[in-house]
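Numbering of ligands and ligand atoms starts at 1, following listing order.
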Amino acid sequence: MSTPVMHSADTNAFDIAWVREQFPSLTLQFNRHASAFLDGPAGTQVPKQVMDAVQYYFLGANANTYGAFLTSRRNDEMILSTRAAMADFFKCDPNEVVFGQNMTTITFALARAIGRELKAGDEIVVTTLDHDANVAPWRALEEKGVVIRQVDIRESDCTLDLDDLKRKITAKTKLVAVGYASNMVGTINPVAEITKLAHAAGALMFIDAVHFAPHGLIDVKALDCDFLVCSPYKFFGPHMGTLYGKREHLERFKPYKVRPATNTSPECWETGTQVQELIAGIGAAVDYLAELGRHCDPSVKSRREALQAAYRATHRYETGLLTRLIAGLQTLPGLRIFGIIDAKRFDERCSTLSFRLGDYNPTKIATFLGERGIFTWDGNFYALSLSERLGVEQHGGVLRVGLVHYNTAEEVDRLLAALREFITT
Ligand SMILES: Cc1ncc(COP(=O)(O)O)c(C=O)c1O
């Protein structure tokens, strides 16, 4: 079966050669194959700007905070400038940005702090579509008698069942925790609409944007959410987590902290010494995206406008790759894609795709691909409820292909060819 030809307009405008030059690790060879990094949903590669920023930190700014000497002052300035970069990324104020070890740790800490104000019988709404890091921290509050309501999905297209969601949000609901995009099937949830429903019931809205962040521009003011988390290592930065919180909430809720540490927000939420060298890398990741935006549209002025231009371009480019991938996969016998496959609905999904191929164990396929330099993930990726709901959990889960803006049409074709080879061997 021949591979479908992608419409040239989908990729022509995007300077993929420039993009790939920014990412030194993309030249890695394995078994005499070029590496195809289709593993982005578990962590993306980083541009050299990020590596340089981490090195620069160690060379000239390596000290703890608030000392009366050069390197400490540089460290303080670097943290402020990264807060400003993340504020542009989220579209909020710098003092609404919190750094932490990763999304999971931040969410457990926030849930514990919010839990201080909850009582038995209060309710929290979570979903079956979510990564467990947006379920387990809220479920931990069951110990206090908090009731957790879990919203189901529509299995046919792996979207949230909004009728079920509306039924589960009631006057008892104190918080609604929903993912922006599914890290398994790529579904993008209508989080702005869900935020309105949560607020109408008097509940807080918490959004897990970890999977959305590499694919779409976040605007917390437009969403009007109360909290939103994402992890820079999924959007071309280092292994850390970041939280946006409305200032009033960050000031009102009380985090667990040591006594000598400041009570001032947002720093009171940043327990202990942060991984400061990686905070430097986060700022560089945002600046890389802005540089990409300026490369795509030299007329942009502010960093926020540059980020908008970057995401406009990467969204178009990734949609082209996704179209090619889905068309190719549909030619493979016995292959079942989970989630939205109708091109007219691609605005409701991002370019992360999971499938099963007959009864083959996904680990076997991932291993076969890995030997050919094609890096994909198999399993449930901690989207445990979804894997169970789709009935694949006991069969090794699914095979996940993640396309980000440094991937190429040629890599998609290599993947499709390798899958054809897998089927015939
Ligand atoms: C959608 C989603 N939420 C949360 C997480 C957990 O993020 P972290 O590794 O930063 O704790 C992940 C990680 O894969 C994810 O994909």
| field | Check: Ala181 N/O within less than 3.5 Å of ligand 1 N/O | value | no
| query | Do Glu411 and Tyr406 get their side chains close enough for a donor-acceptor pair, meaning under 3.5 Å? | reply | no
| More than 12 heavy atoms from other groups under 6.0 Å of CD on Gln29 | yes
| said: Does atom NZ (Lys172) have a neighbourhood of more than 12 heavy atoms from anything else shown, all under 6.0 Å? | reply: no
| query | Mind checking whether Tyr256 and Phe108 have ring centres under 6.0 Å apart? | reply | no
| query | Which residue owns the protein heavy atom closest to atom 15 (C) of ligand 1, what's the atom, and how far is it? | reply | His131 CD2, 3.2 Å
| task | Please state whether Tyr233 comes within less than 4.0 angstrom of ligand 1, counting heavy atoms only. | result | yes
| request: Using modelled atom types only, decide if a donor and an acceptor are shared between the side chain of Thr331 and the backbone of Gly328 within a distance under 3.5 Å. | output: yes
| task | Give the residue and atom name of whichever protein heavy atom lies nearest to atom 11 (O) of ligand 1, and the separation in Å to one decimal. | result | Thr104 OG1, 2.5 Å
| said: Can you name the atoms of ligand 1, numbered from 1 with element, that are less than 4.0 Å from a heavy atom of Asn183? | reply: 1 (C), 16 (O)
| Against heavy atoms of Met103, which atoms of ligand 1 measure under 4.0 Å? | 4 (C), 7 (O), 8 (P), 10 (O), 11 (O)
| message | For atom 13 (C) of ligand 1, what is the closest protein heavy atom, and at what distance to 0.1 Å? | response | Lys234 NZ, 3.0 Å
| note | Note: ligand 1 atoms sitting under 4.0 Å from heavy atoms of Asp208 are 1 (C), 2 (C), 3 (N), 4 (C)
| Can you check whether Ser231 has an N/O within less than 3.5 Å of an N/O in ligand 1? | yes
| said: Please determine whether a side-chain nitrogen of the Lys or Arg among Lys168 and Glu123 lies less than 4.0 Å from a carboxylate oxygen of the Asp or Glu. | reply: no
| task | Using the test ring-ring contact (aromatic ring centres under 6.0 Å, His included), find all partners of Trp377 that sit at least two apart in sequence or belong to another chain. | result | none
